[in-house]
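Chain letters run A, B, ... following the sequence lines, proteins first and then strands; every chain starts at 1. The model shown is predicted, which means the values in this text are computed figures rather than measured ones.
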Amino acid sequence: MNETTEIKTWDKAYSPKDVEARWVNHWAQSGIFNSHPDLNQEPYSLVIPPPNVTGALHVGHALNNTIQDFLARLKRMSGKDLCWVPGTDHGGIATQTVMEKILKAENTSRVRIGREAFTQRMEDWTLHCKETILGQLKKLGCSLDFSRESFTMDEKRKAAVFEAFKKLWDDGLLYRGERLVNWCVRCGTALSDIEVEHEERKGNLWHIRYPEASGGPGLVVATTRPETMLGDVAVAVYPEDKRYRSLIGKKLRLPLVNREIPVIEDGFVESSFGTGAVKVTPAHDPNDFEMGLRHQLPRIKVISPSGKITEEGGLYAGLSREDARKKIIQDLEFQGFLEKTETHPHAVGICYRCQEIIEPLLSWQWFVKTKDLAAGALKTLENNQFKIYPASWKEPYRNWLLDIRDWCVSRQIWWGHEIPVWYCLKCNAISKDSSFHQIPNLRGVVSREKPKACSVCGHLELIQDPDVLDTWFSSALWPFSVFGWPEKNQDLQRYYPTQILVTGYEIIYLWVARMQMMGLYLTGKVPFSEAFIHGIIRDKKGKKMSKSLGNVIDPIEMMDKYGTDALRFSLISQARPGKDILFSEDSLIAGRNFTNKLWNTARFALMNAVAPEELGTVPNFQLEAADVWILSEYQKMILSVQEEIEIYNLANATEKMYEFLWDEFCDWYVEIAKLRLQGADLRAKKTAFRVLITVLNGVVKMLHPLMPFVTEEIYSVLKTWDTEPADFLMNSRFPNVPEIKITEETQKGMSALIEAVKSLRSLRAQLGISPGLKIPVICQSEDAAETNFLKENLLYLAALAGGREISFLSSKRESLPTKAASTVTPHFTFYVPLEGLIDFKKESERLKKELGKVENDLGKLSQKLSDPNYLSKAAMEEVSETRFLQDTALSKKARLEELIKVLA
RNA sequence: GGGCCGUUAGCUCAGCGGUAGAGCGCUGUCCUCACACGACAGAUGUCAGAGGUUCAAAUCCUCUACGGCCCACCA
């Protein structure tokens with residue numbers, strides 16, 4: 001397609017930089033990434049997991065998108081009308097946190113600049129990030145339909161969010177209620193259950209005495225959170241616990257606070273843990289909250305949303321959680337209530353975005369009722385309408401859906417979809433500055449626009465719920481919102497549902513499950529019928545990559561250094577199903593080398609090319625054994641690659657292509673073909689080149705989804721010989737399996753030839769014969785078929801093993817060469833008469849060592865074959881295979897013994 | 001506390017019932033006319049440990065040890 005890629009200008013070493021930049025542009029200009037809804041092709045669609053607009057892409061994104069691009073290009077090459085939708089996610093808390101850091105660096109803050117200005121800053125930042133991210137995706141070679149770029153908070157997606165919210169509301173699946181939620185004190189917002197991570201931390205178990213109000217000794221409670229005692233309303237013990245039975249119903253005096261609280265009985269308490277007595281703080285502990293409901297206990301809030309002790313905390317009011325704990329322990333100790341302090345490591349909940357310790361806090365939030373939604377998702381999982389690869393993720397996914405709890409979707413942050421609910425200030429008796437999540441029983445109306453007046457009292461002042469939705473709420477709608485849902489348009493009809501979703505396992509519940517639930521509920525369809533779950537990328541030592549640890553690898557830097565194809569190769573070949581990738585820069589070397597190998601293979605082919613018009617005039621090609629052999633190996637390779645791709649084992653598919661190109665095609669076929677390609681026989685040359693170009697062209701096509709740049713560059717020249725040339729590789733067809741039949745004779749002959757070459761090369765190396773020196777070879781064999789094959793392909797043996805004057809001994813009765821080094825293969829004995837070069841003592845030792853090995857093998861084989869159980873129970877093929885191996889070993893042994901005898 | 005996964009060559013990983021493999025690294029020879037990001041020849045493993053099933057086990061089963069991950073309200 002372009003003149004700049006003349007073979008003359010091709011470097012010995014492939015240099016990716018210019019090539020890549022050029023193709024990124026060509027592809028973009030040609031519009032081949034765009035979908036073609038009008039074509040008479042079967043659609044195949046997928047949506048990008050939209051990266052958060054928090055900065056630049058990392059290696060994890062590179063892996064995720066390389067896998068998708070692999071599939072996208074592959075499916076196009078299988079004739080699908082492909083639609084891969086790009087986009088980004090506003091990223092809620094995560095992005096807001098990034099901006100807060102920026103503001104802090106500017107010596108200001110979110111609160112100081114105010115909501116409006118803050119939102120403006122976020123929008124500017126978003127634009128900037130989008131540009132970076134999309135640019136990086138292009139550089140990675142991603143064949144996304146960039147004309148469809150979406151953002152989770154753009155106008156169309158806003159419409160989808162409103163529609164979803166409204167429908168959930170109308171169907172009674174959305175409610176505002178007071179719950180004990182996971183509250184991040186730093187972010188100042190509620191989080192859903194799955195946004196809380198658990199981390200084992202060192203801690204203490206403090207034993208505190210609660211005396212009886214009447215003056216008795218009372219009992220001792222054990223707690224990890226002494227500061228919550230300010231909000232204690234009871235102490236619970238196990239009903240049957242003899243130690244405390246007499247205290248049940250009595251009053252205790254709460255130390256420091258002097259409140260009287262009852263001793264209650266509750267089956268929840270484990271008598272064996274701690275002291276067997278549990279302090280009950282319904283406002284600040286999930287278990288206690290439940291107990292509070294069972295026993296109708298009051299809730300005393302002693303910790304505020306900012307993490308400080310409230311007025312209820314009396315003396316301690318205004319202290320932070322941490323300071324309050326210290327002071328309370330001190331005071332308890334001083335007043336003699338602290339009985340014991342034990343170290344007690346336990347898991348604490350931390351915010352998945354800022355790692356701050358989560359505070360269970362009572363507040364009014366919006367929740368999605370999930371039971372029914374999950375039931376739908378479970379059903380499609382059971383009947384295989386939705387499949388997960390690798391299947392090992394099916395059970396965890398299923399269990400999560402079975403155990404699902406209501407989804408807290410409101411967030412007290414500024415960056416996100418505003419909740420489309422309006423409250424009348426008058427009816428609700430509230431003001432603009434109210435802390436909404438602390439106000440009970442608000443009455444609101446769902447509306448996208450501000451209602452003109454309150455429908456109940458006609459008051460004109462209405463205020464929108466100040467909270468925003470969980471960022472995963474809009475993410476859950478992504479597979480259909482990107483096509484314009486709730487509009488009923490052509491795009492949606494053609495490309496929805498999508499075929500596959502590619503993502504990492506860390507967001508199976510946060511995202512995959514929610515898309516399934518919402519997709520089924522809102523569209524009645526499984527949003528994607530398959531999920532391809534990959535691992536996450538860690539550093540060399542297995543640690544998660546993070547900026548704070550300083551162990552991140554920048555994909556762009558790697559692309560610049562080794563080439564994008566090398567990066568893609570490296571990522572895919574390490575992406576074993578269900579496994580994380582321990583990624584280091586070293587792993588790019590193999591990719592770079594392979595890219596270069598492919599490049600040079602093409603270079604070789606083109607340097608020895610026969611022009612297409614000339615090639616075309618040859619009526620029939622004279623295929624030689626090696627031609628048939630490589631075509632048949634090529635055939636096998638295509639089939640096995642297809643099988644691996646079928647089960648989404650891209651690493652194995654990659655490995656198969658790698659091995660074929662390097663080990664079979666380059667190391668054997670190309671070397672064999674050289675003789676003809678560089679020889680005088682034009683007809684032979686044409687045949688060899690035809691085979692060479694056919695296989696190479698096919699391999700280049702197959703490798704395109706993996707390494708789009710180098711293959712496209714090569715193909716731009718190679719396509720002259722393509723029988724169905726395409727403008728771009730992506731628009732060509734994945735190669736057909738060639739219809740070639742290889743005879744058993746040829747197959748065996750080629751194996752024998754390869755064996756012979758290897759054996760002679762090894763002999764040369766052991767004798768220290770310099771590579772340039774041609775050696776005379778005498779071949780002896782009783783095997784007529786193999787001998788004939790070798791005779792017919794003698795030139796190849798000579799060329800590959802560096803032999804000359806190769807002669808044959810027709811039978812073993814002829815006198816054997818005495819002054820020669822020798823080597824035996826299953827079919828042949830080779831003599832290399834090189835008097836003067838050979839130390840016969842050493843030679844004899846070498847042969848004896850070889851004999852030792854054969855005898856060892858033989859021992860094992862004979863033992864096997866002398867076992868009657870083996871003979872009667874093992875499969876027929878297995879036994880005959882062993883017999884064959886035994887025969888071969890016996891023959892080798894006899895010949896080696898003879899050689900040793902002759903030398904002695 | 002439940003569940004899942006892993007433990008194979010120095011490192012990262014394949015193999016998952018028939019005599020141990022790859023990439024990188026390592027050793028030796030070669031700058032041989034596609035490629036030194038290369039060619040050729042090599043070295044390297046009681047396949048975590050112990051039992052069991054089987055004619056046969058790295059591969060299947062059980063237990064143990066050590067890693068890792070997910071879920072979970074033991075104060």
Side-chain angles (χ1 to χ4, degrees), chain A residues 10 12-14 180 193-194 198 205 221-225 228 236 268-270 272-281 285-291 344 346-347 349 360 392-393 395-396 399-400 403 505-506 508-509 535-536 538 540 542 562-563 566 570 573-574 576 578-584 586-608 651-652 655 658-659 663 666-667 670-671 674 678 758 761-766 768-772 800 802 856-857 860-861 864 867-875 877-879 881-882 885:
Chain A
W10 283 23
K12 291 215 297 198
Y14 173 65
L180 198 63
D193 294 330
I194 42 177
H198 295 270
L205 193 59
V221 300
T223 180
T224 55
R225 300 204 56 199
T228 62
F268 159 78
V269 181
E270 290 277 347
S272 58
F273 185 87
T275 62
V278 185
K279 61 192 256 339
V280 183
T281 325
D285 181 279
N287 292 319
D288 298 1
F289 179 78
E290 294 298 323
M291 250 191 287
H344 177 70
H346 66 289
S392 51
W393 277 108
E395 269 312 293
N399 288 335
W400 188 80
D403 266 350
Y505 62 76
E506 73 273 24
I508 289 183
Y509 313 129
I536 61 174
R538 296 166 180 280
K540 234 180 188 167
Y562 298 94
S570 165
S573 60
Q574 291 180 92
R576 302 289 175 178
K579 287 209 148 187
D580 284 348
I581 297 177
L582 303 197
F583 195 77
S584 71
D586 298 345
S587 69
L588 281 144
I589 293 173
R592 185 253 270 141
N593 293 356
F594 184 55
T595 314
N596 193 240
K597 189 71 180 178
L598 178 64
W599 174 254
N600 273 290
T601 313
R603 225 176 127 234
F604 170 80
L606 296 168
M607 286 168 88
N608 295 283
N652 272 357
E655 195 175 281
Y658 179 98
E659 280 170 358
D663 303 340
C666 289
D667 287 352
V670 168
E671 292 306 319
K674 267 181 187 170
Q678 295 167 354
K758 287 194 151 191
R761 280 171 176 172
S762 182
L763 182 67
R764 295 178 62 112
Q766 287 174 67
I769 295 168
S770 78
L800 297 181
N856 188 33
D857 284 356
K860 283 191 221 158
L861 293 166
K864 234 179 172 181
D867 182 350
N869 281 323
Y870 174 72
L871 295 173
S872 62
K873 291 188 179 171
E877 305 80 52
E878 163 58 24
V879 176
E881 172 70 17
T882 311
L885 289 174

Checklist entry - B/rC35 base to A/K597 side chain: any donor-acceptor pair below 3.5 Å? => result yes
Is there a side-chain contact between [X] and [Y], using heavy atoms and a 4.5 Å cut-off?
X	Y	result
A/M291	A/D285	no
A/E290	A/L180	no
A/I508	A/W400	no
A/N608	A/K674	no
A/Y505	A/D580	yes
A/N399	A/D403	no

Checklist entry - Under the salt bridge (charged side-chain N to carboxylate O under 4.0 Å, His left out) test, which residues partner A/R225, sequence neighbours left out? => result A/E227, A/E359
Next on the checklist: Run the salt bridge (charged side-chain N to carboxylate O under 4.0 Å, His left out) test against A/K597 and tell me which residues pass, sequence neighbours left out.
Outcome noted: none
Item to check | Distance below 4.0 Å between A/H344 side-chain N/O and B/rA75 OP1 or OP2 | outcome: yes
Checklist entry - Taking OP1 and OP2 of B/rA14, is either one under 4.0 Å from a side-chain nitrogen or oxygen of A/K579? => result yes
What integer number of Å spans the [atom1] atoms of [N] and [M]?
N	M	atom1	result
B/rG25	B/rG38	P	9 Å
B/rG10	B/rU44	C1'	9 Å
B/rC61	B/rC16	P	15 Å
B/rG6	B/rA41	C1'	36 Å
B/rG68	B/rC30	P	48 Å
B/rU53	B/rG17	C1'	12 Å
B/rA9	B/rG23	C1'	12 Å
B/rA43	B/rC5	C1'	33 Å

Checklist entry - At under 4.0 Å between heavy atoms, what does A/R761 touch on the DNA or RNA strands: base, sugar-phosphate, or nothing? => result sugar-phosphate
Item to check | Sugar-phosphate only, base, or nothing, as touched by A/V670 at under 4.0 Å among non-hydrogen atoms | outcome: base
Next on the checklist: Could you go through A/S570 and A/Y562, starting from their C-alpha distance and side-chain angles, then the distance that decides it, and tell me whether this counts as side-chain hydrogen bond (donor to acceptor under 3.5 Å, both in side chains)?
Outcome noted: CA-CA 10 Å; A/S570 165; A/Y562 298 94; over 6 Å; no
For nucleotides 42-48 of chain B, tabulate all protein N/O to nucleotide N/O atom pairs closer than 3.5 Å, reporting atom names and distance.
from	atom 1	to	atom 2	distance (Å)
B/rG42	OP1	A/S762	OG	2.9

Next on the checklist: According to ring-ring contact (aromatic ring centres under 6.0 Å, His included), who are the partners of A/F273, at least two apart in sequence or on a separate chain?
Outcome noted: A/H344
Next on the checklist: I want to confirm an ordering. Mapping A/S392 and A/Y509 to their closest nucleotides on RNA chain B, which one lands closer to the 5' end?
Outcome noted: A/S392
Item to check | Options B/rA39, B/rA75, B/rC35, nucleotide nearest the side-chain atoms of A/D667 | outcome: B/rA39
Checklist outcome for this item: Taking B/rC35, B/rA75, B/rA34 as options, the one with an atom nearest any side-chain atom of A/K12 is B/rC35
Next on the checklist: I need a per-nucleotide contact map over nucleotides 15-29 of chain B, read 5' to 3'. Cutoff is protein heavy atoms under 4.0 Å; write B for the base, S for backbone only, - otherwise.
Outcome noted: ---BB---SS-----
Checklist entry - Mind checking whether A/Y658 and A/F594 have parallel, tilted or perpendicular rings, split at 30° and 60°? => result tilted
Checklist entry - Given the rule that a pair is Watson-Crick or G-U wobble with both distances under 3.5 Å, how would you write RNA chain B in dot-bracket, using | for pairs to a different strand? => result ((((((((.[[[[.)..(..]]]].(((((.......))))).....[[[[[..)....]]]]])))))))....
